[in-house]
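Take a look at the structure set out below.
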Amino acid sequence: MNYDMNYDNNYDEINECENEEKDEYNNVKEKINENENKTDKVTDNVLYRLSLNPNKGGLQNVDKDKVNKIIYEVSKGSAFFKNAKEREKIHTERIKEMKKKYIELKKRTLDYEKQKIENLMKKMENERDLSQYIVHIDMSKSMISTANYEERKYGVRSAMPGYIALKLCKDLILVPPRHKKYHEVSLEIRKVISSYDPNYCPASVDEVFLNITNFLEKNPLYTPSKVTEEIRQKIFEKTKLTASAGIAPNLMLAKICSDMNKPNGQTELKNDANEVEKFVKLLPIGKVSGIGKVTERTLNELGIKTCGELKENMIYIRELFKPATYQFLLNVSLGIGKTIINNKWERKSISVERTFSNISDEQELYNKLLDISFKLAQDVEKENLKGKSVTLKLKTSGFEILTRCLTISKFIHKQEDIYKVGKKILDSCIEENPNQSYRLMGLRLSSFLDSKKNISLDKFVKIIDNKNTVDILAQKKEYECPVCYKVIRVDYLNEFEKHVNNCLNNVEDIKQSEFIENKKYNKKFKLNDKESDYKQIIKNDKIDNTTSEDYYHKGKQRLNNKSNNQIKHDVSSTSSKLICPICKSSIFCSTNEELNRHIDICLNNDIIKNYET
DNA sequence: GCGGATCAC
DNA sequence: TATGGTGATCCGC
Ligand SMILES: [Mg+2]
């Protein structure tokens with residue numbers, strides 16, 4: 001329900017246009033070098049951050065006038081570029097530190113850890129789920145053409161890159177094949193797709209994920225590629241829009257594949273371990289959703305350009321990156337990703353922000369705040385939200401962004417209240433920095449009171465009771481020790497905890513003599529609060545649906561991390577293994593959320609099956 | 001929790 | 001003339 005977006009508002013015009021070309025890039029680069037006397041490399045990196053690099057491939061016709069204006073701005077040393085360079089400098093500094101650490105690590109013989117990580121990878125590869133056929137459909141290139149004229153005016157009003165993009169893409173945009181509104185078009189597309197997978201998930205305005213495994217089972221004469229062909233054909237018949245598609249065993253790979261044959265083709269990656277390995281080995285890391293400009297450059301500077309190289313370096317990645325990123329990259333390097341599509345989405349925040357000409361006058365700033373609070377309150381009302389955190393966002397005339405948050409005890413939604421809290425924050429910002437001038441202000445409401453939770457929780461509990469699965473939930477649990485990998489059967493978590501602590505004590509000796517300092521191991525093993533929750537949840541015969549709601553929305557999540565069904569592993573993580581009471585397969589989870597997510601999905605599947613039969 | 005950085009679209 | 005808006009996650013503190 002939440003998911004039905006207003007496409008007219010959400011359409012991202014700027015991003016749909018590729019406004020890069022080699023000449024433009026080189027001109028800008030030259031100018032920067034001339035005036036700033038910077039090295040080629042620095043300039044490259046700045047432009048790279050700005051997405052002005054030529055390696056992306058772009059348009060045929062470039063508006064030279066506009067490009068010259070960019071150059072003008074650059075040579076003037078605009079605040080925008082100054083800020084970009086500043087951030088780039090910080091990033092470069094960070095990379096330098098990482099490189100140092102990397103070189104140090106390379107000097108060591110990490111045989112012990114290497115062995116562990118290789119075992120881990122083997123294990124993950126063995127458990128790779130190749131049973132699902134995931135399709136990602138991407139219509140971004142053709143949706144541009146359906147942009148209506150009013151929206152293009154907005155593009156003109158928006159800032160310069162958008163304006164350039166618009167200019168560059170003008171020919172394309174000005175010849176819409178037909179004038180259907182987005183939501184009409186998208187409704188038709190959804191109708192087509194839902195007959196292949198009622199559980200499809202619109203990932204953004206012009207992207208859809210679906211799972212055709214069931215359809216293939218029921219229609220044995222089809223092949224994955226044939227089904228996809230048919231879907232694209234039907235979409236075209238109904239809307240006259242072309243679509244590109246990717247077919248693969250998981251979401252991450254499907255998305256990559258759909259990008260390979262734009263705008264009117266499809267790419268299939270077979271559900272075969274060797275095929276996946278081969279594919280991933282040469283895959284440039286930047287193609288992966290979740291790896292952006294910064295991470296790409298960071299990895300590149302470490303000599304890692306492909307997922308294959310990433311895999312070779314995971315041993316170092318583990319030390320150089322933080323746990324979540326390591327986990328994400330580990331999955332990426334093996335081509336492992338989510339295989340279950342979840343179309344549930346729960347909003348966590350709602351916000352409004354506006355750019356304007358620089359303002360330093362206090363009263364004017366408060367006026368802006370007032371405007372924005374009205375707009376936010378309006379949006380909040382539409383969705384019946386109540387939140388207790390208000391965040392004020394400001395962008396200085398120098399493009400520095402700052403956010404300040406204030407959480408109050410009451411849940412609020414009215415404009416006056418939002419304004420009041422926002423004003424309090426703005427007061428302190430002004431006091432802190434009296435004459436600062438700003439070019440943007442935003443307000444965000446979060447920490448919602450969610451009334452829907454109780455309803456869906458009731459539903460779940462009922463169904464569980466009916467199916468008599470509560471008893472199963474209460475059965476003796478199996479955990480895998482993260483240190484010795486033995487499976488331990490226990491009644492209570494603290495028994496397991498004892499075992500792991502024991503193991504850790506044994507490992508510590510090896511660690512200290514043989515390997516690097518490792519804070520993770522020096523820490524006393526302790527089950528976190530969330531796992532204690534799990535115990536409580538079982539006692540109360542309830543599943544905490546509030547933490548089990550997985551969602552997938554707008555591609556904003558990493559497509560392989562914290563997955564509902566994919567296994568989370570780490571050499572030294574405190575993940576535990578147990579048997580899912582519904583699907584009976586063993587699952588790993590280091591947090592209660594992951595466990596709940598898995599159970600949630602399984603329950604969903606069961607419910608669906610029941611409805612179908 | 002908060003605030004900065006990153007990411008996707 | 002001129003460099004957007006919305007929602008989310010991770011990480012250090
Ligand atoms: Mg990427």
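Proteins come first, then strands; the chains are lettered A, B, ... in the order of their sequence lines, and each starts at number 1.
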Send over the distance from [X] [atom1] to [N] [atom2], rounded to a whole Å.
X	N	atom1	atom2	result
Met441(A)	dG4(C)	CE	P	16 Å
Phe328(A)	dC11(C)	CZ	C1'	16 Å
Asp379(A)	dG7(C)	CG	C1'	13 Å
Glu207(A)	dC7(B)	CD	C1'	13 Å
Leu406(A)	dG3(B)	CG	C1'	14 Å
Leu329(A)	dC10(C)	CG	C1'	12 Å
Tyr326(A)	dC11(C)	OH	P	13 Å
Arg558(A)	dA5(B)	CZ	C1'	12 Å

Salt bridge flag under 4.0 Å for residues Lys423(A) and Asp427(A) = yes
N or O in side chain of [X] less than 4.0 angstrom from [N] OP1/OP2:
X	N	value
Trp345(A)	dG7(C)	no
Arg354(A)	dG4(C)	no
Arg94(A)	dG4(B)	no
Lys293(A)	dT6(B)	no
Thr295(A)	dC7(B)	yes
Ser349(A)	dA8(C)	yes
Arg439(A)	dA2(C)	no

Comparing Arg444(A) and Thr355(A) on DNA chain C - which has the more 5′ nearest nucleotide | Thr355(A)
Map Phe321(A) and Ser351(A) onto DNA chain C by nearest heavy atom, then report which one ends up closer to the 5' terminus.
-> Ser351(A)
Among [options], find the nucleotide with the atom closest to the side chain of [X].
X	options	result
Phe81(A)	dT3(C), dG5(C), dG12(C)	dT3(C)
Asp206(A)	dG7(C), dC10(C), dC9(B)	dC9(B)
Arg347(A)	dC9(B), dC7(B), dG7(C)	dG7(C)
Val352(A)	dA8(B), dT6(C), dG7(C)	dT6(C)

Say you pick atom P in dT3(C) and the same atom in dA8(B); how far apart are they, in whole Å?
-> 24 Å
Donor-acceptor pairs under 3.5 Å, side chain of residues 436-449 of chain A to any protein atom, not counting sequence neighbours: which ones?
residue: Ser437(A); atom: OG; partner: Ser397(A); partner atom: OG; Å: 3.1
residue: Ser447(A); atom: OG; partner: Ser389(A); partner atom: OG; Å: 2.8

Taking for each residue the nucleotide of DNA chain B bearing the nearest heavy atom, is the 5' side occupied by Ile291(A) or by Ile90(A)?
-> Ile90(A)
Mind checking what makes salt bridge (Lys or Arg N to Asp or Glu O under 4.0 Å) contact with [X], not counting sequence neighbours?
X	answer
Glu353(A)	Lys393(A)
Lys322(A)	none
Lys424(A)	none

Using heavy atoms and a sub-4.0 Å distance, could you list which residues of residues 386-405 of chain A are near DNA chain B? By number, please.
-> Leu402(A), Thr403(A), Arg404(A), Cys405(A)
Residue pairs meeting ring pair (Phe, Tyr, Trp, His ring centres under 6.0 Å), one or both in residues 380-410 of chain A, sequence neighbours left out, come to Phe80(A)-Phe399(A)
Does any N or O in the side chain of Asn313(A) come within less than 3.5 Å of the main-chain N or O of Tyr316(A), such that one atom is a donor and the other an acceptor?
-> no
Any donor and acceptor pair, going by atom type alone, linking the side chain of Thr239(A) with main-chain N or O of Ile235(A) inside 3.5 Å?
-> yes
